[in-house]
Amino acid sequence: MRKIRIGNASCGKRSLNAKVFYCVMLAFPVLQFLICYLGVNLNSILLSLKRYDAGVYQYVGLTNFKMVLDELQMPYMKNMIINSLTVYGVNLFVGLSFCVVFSYYIYKKSVGHEFFKFILFLPSIISAIVMAILFKYFTERGVPAMLEGIFGITRTGLLGDSQTRFPTLLFYMIFTGFGANILLFSGAMSGINESLVDAAKIDGANSFQEFFHITIPMIYPTLTTLIVVSTAGIFINQFSLFNFFGTSAAISDYTVGYYFYKSSKAATLAEYPRLAAMGVLFTLVSAPVTLLLKRVLEKIGPSDT
Amino acid sequence: MKRIIAAVLAFACVIVLTACGGRVSNVNNPQEQIDTTKSQIIVEVFDAGYGSAWVSSLAEAFEQKYADKVFEEGKMGVQVLVRPNITTANGESLISYINKSETDVYVTQAVAYYDFVNSGYLMDLTEAYTTPLTEYGENKSVLDKMYEDTKEYLLTDDGKLYGVPPLQSYEGIIYDVDVFESYLLYFAADVDNGNDGFILSMEDSLAAGPDGVQGTVDDGLPATYDDFYRLCERMQQVGVEPILWSGEYSKLQTLYLLTALRANYSGTDFINSFSFEGNVDDVVTGFNGNEPILTEATLTPATGYLSTKQAGWYYALEFVERIIDSKYYSSKGCFDLTYSHTNAQRDFIEGYLKNEPYGMLVDGTWWENEATKSGAFAKSETTYGEAGSKNGRRFGLMPLPKAPGQDASPATIPLVTDPMVVVNANSESKREILEHFVRYMFCDESLRRFTQETGMLTGIEYTPSEEDYANMSYYQKQLWQLRAESNPVFISNKGSIYSYAYSTFRIDAAWVGGPNGMYDNPVSAFKDGISAREYFEGMAVSEEAWLGKYSSYIEN
């Protein structure tokens, strides 16, 4: 009995210590969340309701929102939104698809899988600015030189030509987006129970059937997470425009994310409320869409049974 | 074990907290030695274009001058810590952290001045700038030496002054005097000399140029747009590449050129396009072929949208359209995104010497300092001797030609980049030293030093001595002469609409146009086959859109 009492006292003290430990560990990230996420966003919402005049911010209700809604009718604004959706769509249907396929190839340890893993992950290791500079030299000097040397065609670089610039940037986005995603998918695929795969092989399943009926369902949670995160970032994605062009990207290539960054950088204090209102409006669109998509993906996904 | 890990993690978290609050310290130069026997002030310099060497020289001279002065009890003299920085000293970013910074003085640019003033981030230096500089043997104050339009913008409504520009920057076309002389590219006074209006030898009398007056700095240069096109064609005939610019910065540099052309069209009335007041007579109501039909109008904050329809924008676009359509630009690098401004400067300097001459370079007045800093002149001198050196080569800033229908007159040149010297309001405890520093910065002794170091134009009135003038490069001399013969115009305004939408009216944002406003780079639009007229028509802002955006800033 005495031993049990001592055991209870020890358990109680350990439980308290554990609680203290968890609280201390969580205190800083929670504080950071409260200040750097909640506080900042709350401040943005309040800012969207104000107007700046001679050093003072005054509440003006929904005036900024009305101004933003008018501004969104402008052709360049509509084009910006279309660009953001295009970038999202290409990233999702092309980029993510290729990611899954390449991850599967690496997971199956097919011919040259180590080499492909290295090449596809390289852009994630190299600094983004360095990567952009390398790519810029390739497209502006390498490609024209190759075209002239091999086919005798003289042309400007791909990024300097308004016809080829956007598709070139899409290619860059897909290529440099592989690294981290492949790591995630490969990790998820490695967690697939080997006995499941063996059983499928015994039943006569080929690689394609294994991919669609075993691999995809098993990595579905990872796929869902990436799709949801990508959707949440529709209006944040700068499309690497700043890396290539600084604040001088062509207006026809703007995405919403790039527009926000460029505008905020150059804005006067008086322009912040308008930008804040625009940010709130885009959030009011992207947030419910993201949550809805998450719900739909969870519903249509494979069940555990 | 768990406790040790917990302790280490907790310690790591606490360490991270040190990034919060506090003041920014000099992470760029940990070798900086603080002399504890002296008072310190910290000066951050936007280290581009004109560089920061002149500030270091100024700092050294200031330290020597006040070596025996006691500003703080227990200390004698001042140590000026000069910190060149291209990131933190940029006006655009500065507003975010100046109130947390330990830096006392900023020599910066791209400053939305009234944002800083209204936020209380700048030290009020009215007394320092309005008291005559008698301690330096002068009877004028810094304010007395400022240009009128700069003074008008920078003085607040209650007569306070928080910043002064240390220098003036122009952007436009730099021409190679050596190329012009060697290939006889100047226009002759005798237009019927049988050489299509160009001189036959350097002994010929030169045409009067855009200002219509002989004996000035623009003699022999193209007076009209048509003259300019003829000049480019002549260059192509004699094997000179007419125009070069950096492909990496083609948008910014050509926008600066367009703004210079725009200002040159309107003259000093150009400022009406930003103040939205005054009578104008060049609002385009339609076109007769490619000729704009003009009408008069009165600009007010409510009718400010009419400023987007002024003919100056159109003629500037037409000028650049012709350069693109006729391929007067160099195919080497003008649209190569990897062709930097220093590459262009290097090729421009060396081109004449290696028989691949360029006639003109689109850049800013700071280009010579940049080329010096990048080693382009040094390399040229090493390769070609004295003829390739900074003092051996001859360049000039071209007063821009007049648009169709314009009369000859002195050039109007817009001041760009908004350079400014400001003092941090947080440095109140060092007010006495800082007032001495800024007064010393703008006394004639320092202006002389600045001129000697950079050869560039001071931000306030100053006349270089004959000795200093004689020691300047040809380009620097030409620049000073051009300023004396032209009308520089300060294109900022403290009206409520301009202050609110400063980023919209800036040079790199004011040229949005083309079909549906889908271009912000006219050069790119022209390459895509858009005409100047289409581009101009796309720039126009409707009354509805104008009022929708600015009605809250229009006083009834």
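Numbered from 1 within each chain, the chains take letters A, B, ... in sequence-line order.
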Task: Top contributor to chain A contacts, counting heavy-atom pairs under 4.5 Å, from B/Ala112, B/Ser93, B/Ala501 - done: B/Ala501
Task: Reported OH-to-OG distance for the pair B/Tyr519 and A/Ser162, which is rounded to 0.5 angstrom - done: 5.5 Å
TODO: Taking the side chain as every heavy atom from C-beta outward, state whether A/Leu269 and B/Ile95 have any pair of such atoms under 4.5 Å apart.
DONE: yes
Open item on the list: Is any side-chain heavy atom of B/Lys527 closer than 4.5 Å to one of A/Asp161?
Closed with: no
Task: Interatomic spacing from NZ in A/Lys265 to OG in B/Ser96 - rounded to 0.5 Å - done: 9.5 Å
Open item on the list: For the NZ atom of B/Lys251 and the CZ atom of A/Phe245, what is their distance to the nearest 0.5 Å?
Closed with: 10.0 Å
TODO: Check each atom of B/Leu255 against the heavy atoms of chain A and say whether the ones under 4.5 Å are side chain, backbone, both or neither.
DONE: neither
Open item on the list: Using heavy-atom distances under 4.5 Å, tell me whether A/Ala249 contacts chain B through its side chain, its backbone, both, or neither.
Closed with: backbone
Open item on the list: Taking the side chain as everything from C-beta on, heavy atoms only, tell me whether A/Tyr52 gets closer than 4.5 Å to B/Ser499.
Closed with: no
TODO: May I ask you to name which of A/Ser248, A/Gly160, A/Ala27 has the most heavy-atom pairs under 4.5 Å with chain B?
DONE: A/Ser248
Task: Side chain A/Thr268, main chain B/Tyr500, donor-acceptor under 3.5 Å - done: yes
Open item on the list: For A/Phe21, which atoms come within 4.5 Å of any heavy atom of chain B: side chain, backbone, both, or neither?
Closed with: side chain
Open item on the list: Check whether B/Asp520 reaches the backbone of A/Ile251 with its side chain - one donor and one acceptor, N or O, closer than 3.5 Å.
Closed with: yes
- [ ] State, with a plain yes or no, whether a side-chain heavy atom of B/Thr504 is found less than 4.5 Å away from one of A/Glu271.
- [x] yes
Task: Option that, when pairs with chain A are counted at under 4.5 Å, heavy atom only, ranks first among B/Asn516, B/Val512, B/Leu337 - done: B/Leu337
Task: Validation row: A/Lys136, B/Glu248 side chains within 4.5 angstrom (heavy atoms) - done: yes
Open item on the list: So for B/Asn521, is it side chain, backbone, both, or neither that comes closer than 4.5 Å to the heavy atoms of chain A?
Closed with: neither
Open item on the list: Using 0.5 Å steps for rounding, measure from the OG1 atom of A/Thr247 to the CG atom of B/Leu252.
Closed with: 7.5 Å
Task: Pairs of heavy atoms under 4.5 Å with chain B: top-ranked of A/Ser263, A/Gly55, A/Pro144, A/Gly246 - done: A/Gly55
Open item on the list: Is the positively charged end of A/Arg141 above the ring of B/Tyr339, judged by distance under 6.0 angstrom from the centroid and angle within 45° of the axis?
Closed with: no
- [ ] Could you walk me through whether B/Tyr553 and A/Arg51 pass the side chain to side chain contact (heavy atoms under 4.5 Å, CB included) test, one step at a time?
- [x] CA-CA 10 Å; B/Tyr553 294 90; A/Arg51 185 191 121 167; 3.6 Å; yes
